[in-house]
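Numbers restart at 1 for each chain; the letters A, B, ... are given by sequence-line order, proteins then strands.
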There are 2 protein chains.
Amino acid sequence: MRTPVDARRAALVEAAVRVVSARGLSAASTRAIVAEAGMSLASFHYAFESRDELLDLLITEVLAKEEKAVLPEQLEGRTLAELLHAGLTGYLDHLRADPAREQAMLELTQFALRARPELARDQYAQYTRIATAALEMAAHHTRSRWTVPVPTAARLLISFTDGITLTWLVDRDDALAESVVTAAAAALAQLAAPLTDAE
Amino acid sequence: MRTPVDARRAALVEAAVRVVSARGLSAASTRAIVAEAGMSLASFHYAFESRDELLDLLITEVLAKEEKAVLPEQLEGRTLAELLHAGLTGYLDHLRADPAREQAMLELTQFALRARPELARDQYAQYTRIATAALEMAAHHTRSRWTVPVPTAARLLISFTDGITLTWLVDRDDALAESVVTAAAAALAQLAAPLTDAE
DNA sequence: GTCTATACACCGATAGAC
DNA sequence: GTCTATCGGTGTATAGAC
């Protein structure tokens with residue numbers, strides 16, 4: 001059941017995302033957020049105890065949604081390199097479709113790193129679980145096995161997506177980004193080997 | 001020639017780096033910076049027109065120094081994978097030696113992305129030139145050639161170091177980071193092939 | 001040149017009318 | 001519950017004494 005106050009909280013979180021995306025976290029004052037949401041300042045403090053409470057919810061809720069957006073529903077490709085390429089291309093498309101939002105995610109992660117380090121850690125632990133499951137599924141689907149520990153490969157994948165996000169946000173070079181995604185897929189695929197008949 | 005006002009500017013920039021490293025960019029108010037530098041507030045505005053002017057200098061000067069710190073003087077290793085592993089391990093050591101500073105660099109880059117995008121672009125263009133030169137040298141030194149365009153490999157290397165920085169800052173998992181560095185070096189090395197006799 | 005004192009805008013948060 | 005009005009605090013920047 002959705003009580004009015006929860007609806008208000010949701011509206012404020014959404015407004016906050018828009019403000020952070022458009023003008024950065026440092027511009028996301030309570031006043032700017034309520035203006036974006038079309039509310040009065042007092043309504044904010046009726047829904048939230050404090051600005052910190054909203055930021056907590058913003059980080060956990062918005063970063064959690066991000067997971068689903070990044071993970072494609074169905075990957076195409078017969079070889080492991082093709083599968084990885086499809087997955088990374090999907091992420092690159094997601095990034096290019098809404099760069100401001102992804103930049104906001106980065107700012108929120110960095111803010112969490114200082115203000116709520118345990119939230120950032122939890123988030124990345126969750127990313128790691130998701131990447132691990134995806135890589136294991138990809139290997140199984142192509143009858144391969146990883147020659148490095150799967151958590152290592154998962155972390156490498158996460159590091160790479162973080163890196164490509166930052167570099168693309170800086171120079172917006174689509175052609176170079178696609179070229180890098182292709183090279184990264186090929187390089188990552190080299191960390192797996194075909195299953196032997198015994199396996 | 002170093003006039004007094006330039007010395008004051010330098011002292012303020014150094015104080016600002018310390019404040020950003022310790023407490024984040026959002027805490028780096030002019031008051032916090034002059035307190036760290038042991039100056040009065042008015043002295044700040046004698047040396048700088050505005051806080052923005054200091055941030056401009058901070059970004060260009062501090063990010064420029066970063067280049068040299070990241071690039072190791074001499075790499076050891078006979079194979080390309082060993083060379084890449086040594087280089088990446090050097091960067092990881094650099095990160096672990098002063099994580100607060102590296103976190104400050106990330107915050108400054110992200111700030112520049114919003115406030116002075118051209119500065120961020122210039123900075124990454126410079127990173128690319130340095131990474132390109134390093135990769136070409138490494139390939140030449142091990143009698144290899146890159147099977148992908150060198151700018152692509154360079155961008156992959158930069159993306160990866162950006163990513164490893166963020167992920168390590170989040171969870172500080174040394175063992176996993178080392179494992180990932182090893183895997184990344186192996187993966188990157190797969191993008192090169194030995195020179196043939198004709199070459 | 002360097003200081004103290006202060007102007008003025010904006011911040012998060014709250015009081016109190018309705 | 002929702003508003004306007006306002007509190008106390010901090011931000012950047014400046015005026016003016018020395």
Shared hydrophobic cluster, B/Tyr91 / B/Val181 (ILVMFWY, side-chain heavy atoms < 4.5 Å): yes
Same apolar cluster: B/Val19 and B/Phe111, side chain cutoff 4.5 Å: no
Global bending angle along the helix from C/dG1-D/dC18 to C/dC18-D/dG1, which compares the axes of five pairs at either end, to 10 degrees: 20°
Inter-residue atom distance A/Leu108.CG - A/Arg101.CZ, 0.5 Å rounding: 9.5 Å
Note: A/Arg9-A/Glu53 ion pair, threshold 4.0 Å (strictly below): yes
Charged N-O contact under 4.0 Å between B/Arg96 and B/Glu102: no
A/Tyr46 or B/Ser50, whichever maps to the more 5' nucleotide of DNA chain D: A/Tyr46
Atom [atom1] of [X] to atom [atom2] of [N]: distance rounded to whole Å?
X	N	atom1	atom2	result
A/Arg51	C/dA13	CZ	P	8 Å
B/Leu41	C/dA7	CG	C1'	13 Å
B/His45	C/dA7	NE2	C1'	13 Å
B/Met39	C/dT2	CE	P	9 Å
B/Asp6	C/dG1	CG	P	12 Å
A/Phe44	C/dG12	CZ	P	8 Å
A/Glu49	C/dT14	CD	C1'	12 Å

Consider only side-chain N and O atoms of [X] and [Y], and report whether a donor and an acceptor are under 3.5 Å apart.
X	Y	answer
B/Asp162	B/Tyr124	yes
A/Tyr127	A/Thr161	no
B/Arg155	A/Thr167	yes
B/Ser179	B/Thr182	no

Between [N] and [X], is there an OP1 or OP2 to side-chain N/O distance shorter than 4.0 Å?
X	N	result
B/Arg8	C/dG1	no
B/Ser40	C/dT2	no
B/Ser43	C/dC3	yes

For DNA chain D, the residues among residues 18-29 of chain B that have a non-hydrogen atom under 4.0 Å from it: B/Ser29
Polar pair under 3.5 Å, donor/acceptor by atom type, side chain A/Arg31, base C/dG12: yes
